[in-house]
Amino acid sequence: MRVRTRFAPSPTGFMHVGNLRTALYAYLYAKHFDGDFILRIEDTDRERYVEGAVDVIYSTLQKAGIGHDEGPDKDKGYGPYIQSERKPIYGKYAELLVEKGGAYYCFCDKERLESLKDENGVARYDKKCLRLSKEEVAERLKRGDPYVIRQNIPLDGVSEYEDMVYGKITVPNADMEDGVLLKSDGMPTYNFANVVDDHLMEISHVIRGTEYLSSTPKYNLMYDAFGWERPKYMHLPPIMKDAQHKLSKRYGDANFEDFIEKGYLPQAIVNYIALLGWSPKGNEEKLSIQELIQEFDVDGISKSGSIFDEQKMRWLNAQYIRETTEEEFLELATPWFEKSVIKGKYDYKLFASLLHSRVEILSEIPDMVAFIEDFSDYGISLYEHKKLKIDLNIAKQAVETSIEAVEPLTSFSVEDVHNALVAKAEEKGLKKGQVLFCARLAVTGKASTPGGAAEMAALLGKEETLKRLKFSRSLFNA
RNA sequence: GGCCCCUUGGUCAAGCGGUUAAGACACCGCCCUUUCACGGCGGCUACAUGGGUUCGAAUCCCGUAGGGGUCACCA
């Protein structure tokens with residue numbers, strides 16, 4: 001049997017990382033078996049439809065590297081792939097299901113349904129309309145009475161199925177309601193549309209969140225009533241915000257697009273979410289999408305929810321950043337340099353090489369780079385360094401030495417500055433570390449900087465370097 | 001509340017009757033080093049709980065507790 005999986009989001013806004021992970025797993029599973037991954041848009045609820053949401057779905061999938069084989073834009077003969085365009089199909093199958101006894105027409109209005117509620121406010125439909133005669137139904141239909149079509153669920157017995165992740169799931173039939181399959185506007189509910197579509201599109205494995213775990217028996221009852229073969233099911237544990245809340249779409253920044261804007265690389269996000277709820281056989285956690293396809297296996301999927309840990313995603317992102325070449329990183333960093341105080345000044349290339357091993361997410365760049373412009377009076381106690389045996393006296397000499405070393409330079413590359421500083425240190429009988437450390441400090445006024453004395457000086461240029469060194473020298477005399 | 005499901009360190013997790021209970025993030029320490037970072041090495045901390053079954057249970061069974069999901073003309 002050919003493996004065909006699908007991702008069936010409803011276009012209600014941004015792409016939540018939980019949704020994205022569901023799409024990822026469905027994609028990985030299909031590709032692992034060289035099967036097809038289908039995109040279907042579930043827009044049967046006209047009230048929740050959000051303009052532009054479909055575009056977000058396309059662009060997110062595309063950026064994440066999750067390519068679909070079929071979808072609204074790629075009809076391979078199973079279309080349409082947008083549910084609102086399939087309305088006639090559902091009507092037809094709903095009638096067929098009525099004929100087969102798996103469903104029935106219901107004319108009950110809101111008021112009556114309301115009156116069925118118990119003390120907990122839970123309503124259970126009482127199958128009243130199931131008892132209507134064929135003639136009566138036909139007559140009311142002819143009269144144009146509003147109606148819905150409900151699923152006819154047995155009153156007793158149990159329904160069972162084998163979930164690929166959770167194992168055997170057993171639900172008493174009495175606990176399932178005769179849910180609405182076809183709404184009064186003629187649109188199907190999810191409960192019905194997913195069954196019809198999954199069958200018609202020949203979906204072999206239904207992969208979705210656990211919220212459907214206990215309603216799946218209802219769908220199986222429909223497959224059975226139609227005489228269709230049931231698909232395999234793989235339900236996925238939730239991604240949590242904390243121990244008791246699922247990651248919420250409306251709170252915080254749990255959607256893909258926001259992470260991209262924060263300077264996360266798509267590969268890192270995908271890699272991280274792949275690991276939330278699934279673990280590979282080996283110990284390697286940094287996996288490309290190709291490797292994920294290779295390694296993906298149902299056995300590795302866990303049953304309990306996982307808390308989203310941005311810290312770990314940051315770490316993974318840093319791994320991906322370090323793996324880029326100098327050129328690639330410069331390209332990634334440049335837009336962020338442009339947003340910072342160094343815009344148009346300094347050597348982007350040199351700055352990029354300094355930040356390459358220091359940046360975890362790109363949005364840190366403006367802050368990491370701001371120090372260069374921020375030079376003013378600072379406390380000279382910063383010079384004291386036990387291990388390098390630097391006291392204020394040594395520091396003063398080191399700064400003086402730095403000035404002497406740098407002054408005659410005609411070429412000011414990192415290497416030039418470094419060599420000059422080291423040579424002069426030796427000449428003056430100072431340890432090179434002492435001069436280098438003091439020069440760096442003198443030139444930046446900062447306890448720590450991304451790079452050493454030579455890099456900082458090269459970044460600033462000869463003129464500014466000397467200016468700052470002399471200013472620092474004056475601090476010792478104050 | 002009924003029903004379904006889940007429970008290993010702060011977090012992600014391996015484990016599927018016999019292990020010194022992996023690994024990763026975070027944290028701490030050391031090394032490398034002109035600061036910071038990278039990198040290397042090391043450390044810290046876990047089987048929710050009570051009963052069984054068994055020569056032996058993190059692993060199997062039952063109960064308890066805690067948590068999640070679901071009970072819509074939403075998906």
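Just so you know, these numbers come straight off a predicted model, no measurement behind them. Note on naming: letters A, B, ... go to the chains in the order of the sequence lines (proteins, then strands), and numbering restarts at 1 for each one.
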Who pairs with A48(B) - Watson-Crick or G-U, where each distance is under 3.5 Å | U64(B)

When you get a sec, tell me which of U34(B), C4(B), C73(B) is the closest nucleotide to the side chain of Thr189(A)?
-> C73(B)

Look at the side-chain N and O atoms of Arg440(A) and state whether any lies under 4.0 Å from the OP1 or OP2 oxygen of C36(B).
-> no

Taking only N and O in the side chain of Ser279(A), is any of them less than 4.0 Å away from OP1 or OP2 of C12(B)?
-> no

Between the side-chain atoms of Arg322(A) and the base atoms of C38(B), is any donor-acceptor pair under 3.5 Å?
-> no

The contact string for nucleotides 62-69 of chain B, one letter per nucleotide 5' to 3', using protein heavy atoms under 4.0 Å with B, S and - for base, sugar-phosphate only and none, comes out as -----SSB

Answer yes or no: side-chain N or O of Thr449(A) and base N or O of C36(B) forming a donor-acceptor pair under 3.5 Å.
-> no

Does U70(B) have a Watson-Crick or wobble mate here (both distances under 3.5 Å), and if so which one?
-> G2(B)

Check: U33(B) base within 3.5 Å donor-acceptor of Lys387(A) side chain | yes

Distance below 4.0 Å between Lys303(A) side-chain N/O and C16(B) OP1 or OP2 | no

Under-4.0 Å side-chain N/O to phosphate OP1/OP2 contact, Ser306(A) with A13(B) = yes

Ser302(A) side-chain N/O to A13(B) phosphate OP1/OP2 under 4.0 Å = yes

Watson-Crick or G-U wobble partner of A75(B), both distances under 3.5 Å | none

Opposite nucleotide pairing with C38(B), Watson-Crick or G-U, both atom distances under 3.5 Å | none

Partner of Leu459(A) by side-chain contact (heavy atoms from CB on, under 4.5 Å), out of Ile342(A), Val369(A), Leu354(A) | Leu354(A)

